[in-house]
Amino acid sequence: MTSVAAVRWGLVFWEQAGTAWAAVTGPETRTGTAPVPEGATFTGIDFAVGTSLRAVPTPALTDGGITLPDTTHRTFRLDGARFETPGPDDAEALVERLVRAGIVVRDEVVADVLRGHRPDLSGRTVERRFRTVTGLTQGAVRQIERARTAAQLLASGEPAADVVAKLDYFDEPHLARALRSYVGRTAGQLRDGAGGAIALDLPQRRTS
């Protein structure tokens with residue numbers, strides 16, 4: 001499967017051949033290829049930009065991640081505590097428990113920046129704080145999110161020229177380079193639904 005650049009870290013749980021696994025995934029700064037084990041079932045949780053794990057710096061997870069030890073079919077261990085492995089219906093309850101335990105924390109300065117506020121700090125301090133919390137620069141977050149939005153618009157049938165104008169790309173070649181770096185698809189492939197499986201929620205085009 002084609003993986004797509006992403007600005008969020010997450011937790012992923014899967015089972016394969018009778019064995020249970022859990023991992024922390026980090027932000028991804030580029031597209032790549034992700035293995036999809038045959039017969040595996042997955043549950044994943046994406047955490048908001050500006051949150052982080054108390055025990056693991058997000059920069060250490062960027063373009064990688066860590067496999068959590070001592071995982072069973074029922075439970076997993078994180079930051080010295082054991083939690084029930086979630087399914088799709090109880091992922092939010094797990095997040096609430098992690099927040100209450102102080103294992104997942106939110107940085108208010110980064111949260112303010114993401115809301116468009118300007119903290120009473122120097123630009124250099126804010127950028128350093130942003131990178132420490134998210135593992136990415138503010139510019140990288142904007143570029144990745146813009147490329148993902150462009151992919152979704154193209155897959156829904158929007159012409160490339162309209163996407164360039166709507167998302168303020170300089171021109172179509174700049175859009176093409178962003179798609180190649182962050183999404184791993186051309187505008188034509190996204191329009192035609194070609195290129196195989198991709199780790200991105202794309203709209204299904206309707207045909208008459």
Side-chain angles (χ1 to χ4, degrees), residues 3-12 23-32 34 43-66 78-79 86 88 91-156 158 163-170 174-175 177-184 198-203:
S3 66
V4 177
V7 299
R8 292 171 172 81
W9 67 277
L11 290 172
V12 61
V24 182
T25 60
E28 298 180 63
T29 61
R30 56 188 179 271
T31 185
T43 297
I45 304 172
D46 282 339
F47 289 80
V49 179
T51 64
S52 61
L53 280 171
R54 176 179 61 188
V56 185
T58 309
L61 299 170
T62 302
D63 290 323
I66 55 173
L78 179 63
D79 196 3
E92 290 186 10
L94 170 62
V95 173
E96 290 175 0
R97 289 195 292 273
L98 294 174
V99 171
R100 285 198 305 269
I103 292 173
V104 171
V105 295
R106 185 176 73 162
D107 188 284
E108 293 299 333
V109 170
V110 174
D112 282 346
V113 170
L114 293 169
R115 287 194 292 264
H117 301 161
R118 302 185 68 177
D120 189 21
L121 298 168
S122 71
R124 181 174 295 179
T125 298
V126 170
E127 185 61 48
R128 183 168 59 247
R129 182 88 160 255
F130 197 96
R131 183 190 285 269
T132 297
V133 172
T134 70
L136 303 168
T137 65
Q138 295 181 62
V141 169
R142 287 193 295 269
Q143 291 170 23
I144 291 169
E145 292 282 63
R146 183 168 63 159
R148 291 171 69 97
T149 300
Q152 291 166 336
L153 291 173
L154 290 162
S156 70
E158 291 238 18
V163 173
V164 166
K166 183 175 291 186
L167 299 182
D168 200 29
Y169 281 100
F170 184 75
H174 279 79
L175 169 62
R177 283 195 289 274
L179 293 173
R180 186 167 59 248
S181 296
Y182 298 127
V183 182
I198 186 170
L200 187 65
D201 289 332
L202 296 178

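Each residue takes its place number in the sequence, starting with 1. This is a predicted model, so every value here is computed, not measured.
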Visitor: Nearest 0.5 Å please: distance from the OG1 atom of T62 over to the CZ atom of R131.
Guide: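 Reported to 0.5 Å precision, the distance equals 9.0 Å.
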Visitor: Donor-acceptor pair, R146 side chain versus D168 backbone, under 3.5 Å?
Guide: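 Yes: the side chain of R146 pairs with the backbone of D168.
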Visitor: side-chain contact (heavy atoms from CB on, under 4.5 Å) for L136 and V49? Distances and angles first, verdict last.
Guide: CA-CA 10 Å; L136 303 168; V49 179; over 6 Å; no
Visitor: Are the side chain of T31 and the backbone of S181 linked by a donor-acceptor contact shorter than 3.5 Å?
Guide: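 Between the backbone of S181 and the side chain of T31 there is no qualifying donor-acceptor contact (under 3.5 Å).
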Visitor: Which atom pair, heavy atoms only, marks the closest approach of A147 to L179?
Guide: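 Residues A147 and L179, closest heavy atoms: O-CD2, 4.1 Å.
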Visitor: Looking at every non-hydrogen atom in both residues, tell me the closest pair between A48 and R8 and how far apart they are.
Guide: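 Where A48 meets R8 most closely, the heavy atoms are CA-NE, 4.3 Å.
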Visitor: Please walk me through it: do L11 and V24 pass side-chain contact (heavy atoms from CB on, under 4.5 Å)?
Guide: CA-CA 5 Å; L11 290 172; V24 182; 3.7 Å; yes
Visitor: Output, in order, the C-alpha distance, side-chain angles, deciding distance and verdict of side-chain contact (heavy atoms from CB on, under 4.5 Å) for V4 and I198.
Guide: CA-CA 7 Å; V4 177; I198 186 170; 3.6 Å; yes
Visitor: Hey, could you give me the CZ/CG distance between R148 and L202, rounded to the nearest 0.5 Å?
Guide: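 Between R148 CZ and L202 CG, I get 9.5 Å after rounding to 0.5 Å.
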Visitor: Whether the side chain of S3 engages the backbone of G32 through a donor-acceptor N/O pair (distance < 3.5 Å, no angle test) should be reported.
Guide: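 Flag set: sc S3 to bb G32 pair under 3.5 Å.
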Visitor: Carefully, step by step, assess T25 and F47 under the rule side-chain contact (heavy atoms from CB on, under 4.5 Å).
Guide: CA-CA 10 Å; T25 60; F47 289 80; over 6 Å; no
Visitor: To the nearest 0.5 Å, what is the distance between CG on L78 and CD1 on I66?
Guide: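 Those atoms lie 7.5 Å apart.
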Visitor: Does R115, at its CZ atom, have more than 12 non-hydrogen atoms belonging to other residues, nucleotides or ligands within less than 6.0 Å?
Guide: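 Correct, the count exceeds 12.
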Visitor: Mind jotting down which residue pairs meet the side chain to side chain donor-acceptor pair (under 3.5 Å) criterion with at least one end in residues 133-144? Sequence neighbours excluded, please.
Guide: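 Every pair satisfying side chain to side chain donor-acceptor pair (under 3.5 Å) with a residue in residues 133-144: E127-Q138, Q143-Y182.
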Visitor: Does R54 have more than 12 heavy atoms from other residues, nucleotides or ligands lying within 6.0 Å of its CZ?
Guide: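 Yes.
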Visitor: Please report the shortest heavy-atom distance between A151 and L200, naming the atom on each side.
Guide: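 For A151 versus L200, the nearest heavy atoms are CB-CD2, 3.7 Å.
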Visitor: Report yes or no: does R129 contribute a side-chain atom to a donor-acceptor pair with the main-chain N or O of V110 at less than 3.5 Å?
Guide: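 The answer is no, because no donor-acceptor pair under 3.5 Å joins these two groups.
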Visitor: How far does CD of E158 sit from CG of L153, to the nearest 0.5 angstrom?
Guide: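 With rounding to 0.5 Å, CD (E158) is 5.0 Å from CG (L153).
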Visitor: Going by the side chain to side chain contact (heavy atoms under 4.5 Å, CB included) test, name the single residue among I103, L98, V105 that passes it with L53.
Guide: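 The residue from I103, L98, V105 that satisfies side chain to side chain contact (heavy atoms under 4.5 Å, CB included) with L53 turns out to be I103.
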Visitor: Do V95 and V104 touch side chain to side chain, with heavy atoms closer than 4.5 Å?
Guide: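 No, side chains not in contact.
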Visitor: Could you check whether any side-chain N or O of W9 sits under 3.5 Å from a backbone N or O of T51, counting only pairs where one atom can act as donor and the other as acceptor?
Guide: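 A pair under 3.5 Å: yes.
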Visitor: Could you state the interatomic distance from CZ (F170) to CZ (R177), rounded to the nearest 0.5 Å?
Guide: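 Going from CZ on F170 over to CZ on R177, the span is 10.0 Å.
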